[in-house]
Amino acid sequence: MIELCLLLAGSVLATSVTSVAGEQEAKNFDVFDFIDPFIGTIAGGHVFPGATLPFGMAKASADVNNPDEKQGGFASDNSDITGFSHMHDSGTGGSPSLGNFPIFPQTGCRGDNINNCFWTKTDRASRRINGTAKAHPGYFAVSLNTSIHTEATVTNHTALYRISFPTNSSTAGIKNGTGLPYSPLILVDLTDLPDSRTNATASVDSSTGRISGSGTFSPSFGIGTYDLHFCADFNGASIRDTGVFQNNRAGNSVKSISTRPDGVNDPPLPAGAWTQFHAPANNQIIIRVGVSFMSVAQACHNAETEIPDFGFANVLSSAEDAWRKKLSVVKVDSTGVDKDLQTVFWSGMYRTIPTRTLYGTPLNRTMIRKLPDCRMSLCKGFTQGGSNADVVLADSYLKNITAGIDWAVGYEAVVSDAEDEPLNWAVEGRGGLESWKTLGYIPTDDFDTLGSGPFTRSISRTVEYAYNDFCIAEMAKGLGHIADEEKYLQRSSNWKNMYNPTQTSLVTNTTGHIGETIDSGYTGFLQPRYLNGTFGYQDPTLCSPLYNFTSCYLNPSGHETYEGSSWMYTFYVPQDMATLITTLGGPEAFTNRLSYLHTSGLLYIGDEQAFLPVFQFHYAGRPALSAKFSHFYIPSQFNTSLNGIAGNDDSGAMGSFTTLAMMGLWPVPGQNVYLITPPYFPSVSVTSPQTGKTATIRNVGFDAGYEAIYIQSATLDGVAYERNWITHDFWLEGGVLELTLGRNESAWGTKEGDLPPSTSTR
Ligand SMILES: *[C@@H]1O[C@H](CO)[C@@H](O)[C@H](O)[C@H]1NC(C)=O
Ligand SMILES: *[C@@H]1O[C@H](CO)[C@@H](O)[C@H](O)[C@H]1NC(C)=O
Ligand SMILES: *[C@@H]1O[C@H](CO)[C@@H](O)[C@H](O)[C@H]1NC(C)=O
Ligand SMILES: *[C@@H]1O[C@H](CO)[C@@H](O)[C@H](O)[C@H]1NC(C)=O
Ligand SMILES: *[C@@H]1O[C@H](CO)[C@@H](O)[C@H](O)[C@H]1NC(C)=O
Ligand SMILES: *[C@@H]1O[C@H](CO)[C@@H](O)[C@H](O)[C@H]1NC(C)=O
Ligand SMILES: *[C@@H]1O[C@H](CO)[C@@H](O)[C@H](O)[C@H]1NC(C)=O
Ligand SMILES: *[C@@H]1O[C@H](CO)[C@@H](O)[C@H](O)[C@H]1NC(C)=O
Ligand SMILES: *[C@@H]1O[C@H](CO)[C@@H](O)[C@H](O)[C@H]1NC(C)=O
Ligand SMILES: *[C@@H]1O[C@H](CO)[C@@H](O)[C@H](O)[C@H]1NC(C)=O
Ligand SMILES: *[C@@H]1O[C@H](CO)[C@@H](O)[C@H](O)[C@H]1NC(C)=O
Ligand SMILES: *[C@@H]1O[C@H](CO)[C@@H](O)[C@H](O)[C@H]1NC(C)=O
């Protein structure tokens, strides 16, 4: 459903892992054999399966017309294809994203009459030919039922399409199967997937056939607008005619069309330009589409400089090389490992790498006042919880991922999040800051005169603001702001203020007397709390899969938790799990409750908030159970099926879950802490780009049947290692972490001194 944007785990991987140790074990290993870009292209995964480069702006694929599945452009269902566009987001929820300026090829127009070609998305929609959709990193292809075969590849800012027209043109009917003159026509439509266009212009050059233009669009999950520009050139056939179209009428007398919102037509009327060709000599036309956020001239410049010669094969092989290089950063010994699991691993990593969010964006004084939780299409995206850019910044700071970041400015920004409420906290900073500072929680009936935003999520905002303040404290400590450190550490304990120790939870029995309501046996949950200090009530199971699952989204009637239940949020104290464990009755009661969260059906693993609870057994001295629950979810919820992702992929977040869990070091976002579980491979190695040193995690007694998944003992560079966690230095300084596995839980990593840090025990 709706989530996205801040990819903590994914970003950790993308930024800390960028160079190679060497060849994979097997000489004939090709990582492309283990990447299926179509995983997650149905059932709400919203994965973009098309052609792109690592961190590339151009992302080319076919677009379909299924409103529930077209968020990432293409879907592996039976829906119709309406065009081929050059920019996409992957895995987002909400409304569809990008998909601007689609092109659409036709073999000819019936009766050679331009008005018999198909212009609108509805009219031109064509089925795919089943089984023709193919993709690998850098490449996408599909055939339409018009017998037109399409292929796409990309450079950084340019999409390149190779369109093959049917040679049997006398029978290559469009729509009604009757004969056509063989005179291909290619249109560019001034639209996008969410139909958000307002002002737009397209022009066609009658001598070269070049179609270029601009449009103003809206982001799919945020406010404001963005301008985008394109420049399409053609190669392979001579120009026969050019013109423009509006709605379902076209003509050749006018070469430019501008459109404005008319106040009546919503979605806006289709409009754009077209170029028609004489029959291409080899039945192919290459289409090169440059894109730019700056100008048409820049879009054309990008296209001309990146692909001067329209050479499809060369561009494709450069794209493939770029991916092989990028993916060679991780080296695994996969002896004995099931091919499907290897595919889950590499496909997850592939999806994590295309879209890096905040890291690498230089921050400077002119850019920062408040930090948005999410940025998309150059606009501010909606905030879903706390000011979680604080977490990303602290994470980068602690891990020395500092390129381009002025930390004095970064610190000013996170303090501004914590201290100064913006007028619109739906898209930046935090709301309720007056109550936060005076009461120490976000009251469910808050009176906030400083700004406005969705007055929901009082529970989840409280626990996230508390964690955000902890992250600020960590930065304050590093930067020598001692008083601030103390202040924000103090505020990081505010989660306790929403905890009602007497709250019980009834659940539905799903195992025996199905439907019968029974006491879960657990007491003490986060609950709504009013300005006057009294607790309100929200059923702790509300918005879990067991009860009104979809009632906690970012709408005004959303409840006090976001995309999940109080059951889940009650575990969200990553800064001080030690105190949480005491609060919930000690390690044994905590472990029972956390196991129950996973086995009772109360937890949906398809939203990121559910990731950390898989590994929080470490804090109660039970690292074996973290390993057990990692395997509980992989592959049952993350697998190689087309629907093999629980929930939206969220720009690779689900991919990062599988990749990091299978590598065996789970990062606690915002802390210099990785929780250790055995990798799903005999060994995994990663080389640091900063230091060139290699970190290897090796299993001794590896069992590909995954019965021996419990660590019995460990060594780091040959020395006994008892802690069940490790810091980022391991990635930077390299070394060998060797884990000896067995079939039963052991005493390893269970003692008090072995546990990851908590504010109350540090
Ligand atoms: C193509 O596959 C879909 C299932 O994805 C099926 O519903 C449809 O009938 C198939 N079409 C043809 C022509 O076989
Ligand atoms: C192609 O697909 C479209 C959209 O489903 C359909 O209207 C049209 O009849 C199909 N054409 C052929 C030749 O099958
Ligand atoms: C694409 O852009 C990235 C990031 O700016 C750059 O590192 C890379 O070299 C570019 N790739 C090509 C093929 O130009
Ligand atoms: C035309 O030829 C292509 C192969 O070039 C074939 O796939 C398609 O079925 C043919 N179409 C018709 C309508 O005969
Ligand atoms: C198919 O196209 C022919 C040629 O223009 C036209 O006469 C005929 O009415 C169309 N048939 C259908 C079923 O639309
Ligand atoms: C759209 O064009 C109108 C003039 O036709 C202009 O007033 C308006 O500012 C433009 N809007 C945007 C978002 O560019
Ligand atoms: C800050 O960054 C923006 C965007 O990259 C840039 O336009 C601006 O010149 C920078 N300002 C300073 C002072 O570096
Ligand atoms: C980060 O860099 C500082 C200073 O260079 C160093 O003291 C610290 O140990 C580094 N931290 C990590 C996690 O490598
Ligand atoms: C659910 O019902 C079954 C059968 O009556 C019972 O054995 C089981 O203990 C119940 N579950 C819980 C959690 O009470
Ligand atoms: C506190 O406020 C809530 C919400 O307005 C109200 O329902 C409750 O009765 C109040 N409690 C007291 C003790 O005033
Ligand atoms: C649960 O969903 C039902 C049906 O949509 C609705 O009537 C009810 O008010 C919801 N309950 C809560 C607590 O939101
Ligand atoms: C694959 O994952 C999906 C999504 O989580 C799940 O619904 C499905 O049951 C899984 N399939 C298998 C074969 O485990």
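Every value quoted in this text rests on a predicted model; they were computed, and no experiment measured them. Atoms within each ligand, like the ligands themselves, are counted from 1 in listed order.
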One thing to verify: whether [Y] and [X] come together as a salt bridge, which I'm taking to mean a side-chain N less than 4.0 angstrom from a carboxylate O.
{"X": "Lys70", "Y": "Asp77", "value": "no"}
{"X": "Asp80", "Y": "Arg128", "value": "no"}
{"X": "Asp63", "Y": "Lys121", "value": "no"}

Within ligand 12, which atoms have a heavy atom of [X] less than 4.0 Å away?
{"X": "Ala646", "value": "5 (O)"}
{"X": "Gln637", "value": "2 (O), 4 (C), 5 (O)"}
{"X": "Gly644", "value": "2 (O)"}

Short version for Ile605: what comes under 4.0 Å of ligand 12, heavy atoms counted, is neither
With Lys339 as the cation and Phe34 as the aromatic partner, state whether NZ or CZ is under 6.0 Å from the six-membered ring centre and within 45° of the axis. yes
With a 6.0 Å cut-off on the ring centroids, do [X] and [Y] count as close?
{"X": "Phe38", "Y": "His136", "answer": "no"}
{"X": "His598", "Y": "Tyr633", "answer": "yes"}
{"X": "Phe277", "Y": "Phe165", "answer": "no"}

Any protein N or O within less than 3.5 Å of an N or O in ligand 6? List each pair with its distance, or say none.
unit_1	atom_1	unit_2	atom_2	d
ligand 6	2 (O)	Asn199	ND2	2.3
ligand 6	2 (O)	Arg260	NE	2.9
ligand 6	5 (O)	Arg260	NE	2.7
ligand 6	11 (N)	Asn199	ND2	2.8
ligand 6	14 (O)	Asn199	ND2	3.4

Geometric N/O contact Arg127 with ligand 2, under 3.5 angstrom: yes
Can you tell me if Thr150 uses its side chain to pair, donor with acceptor, with the backbone of Ile148 under 3.5 Å? no
At a 4.0 Å threshold, what atoms of ligand 2 neighbour a non-hydrogen atom of Asp80? 4 (C), 5 (O)
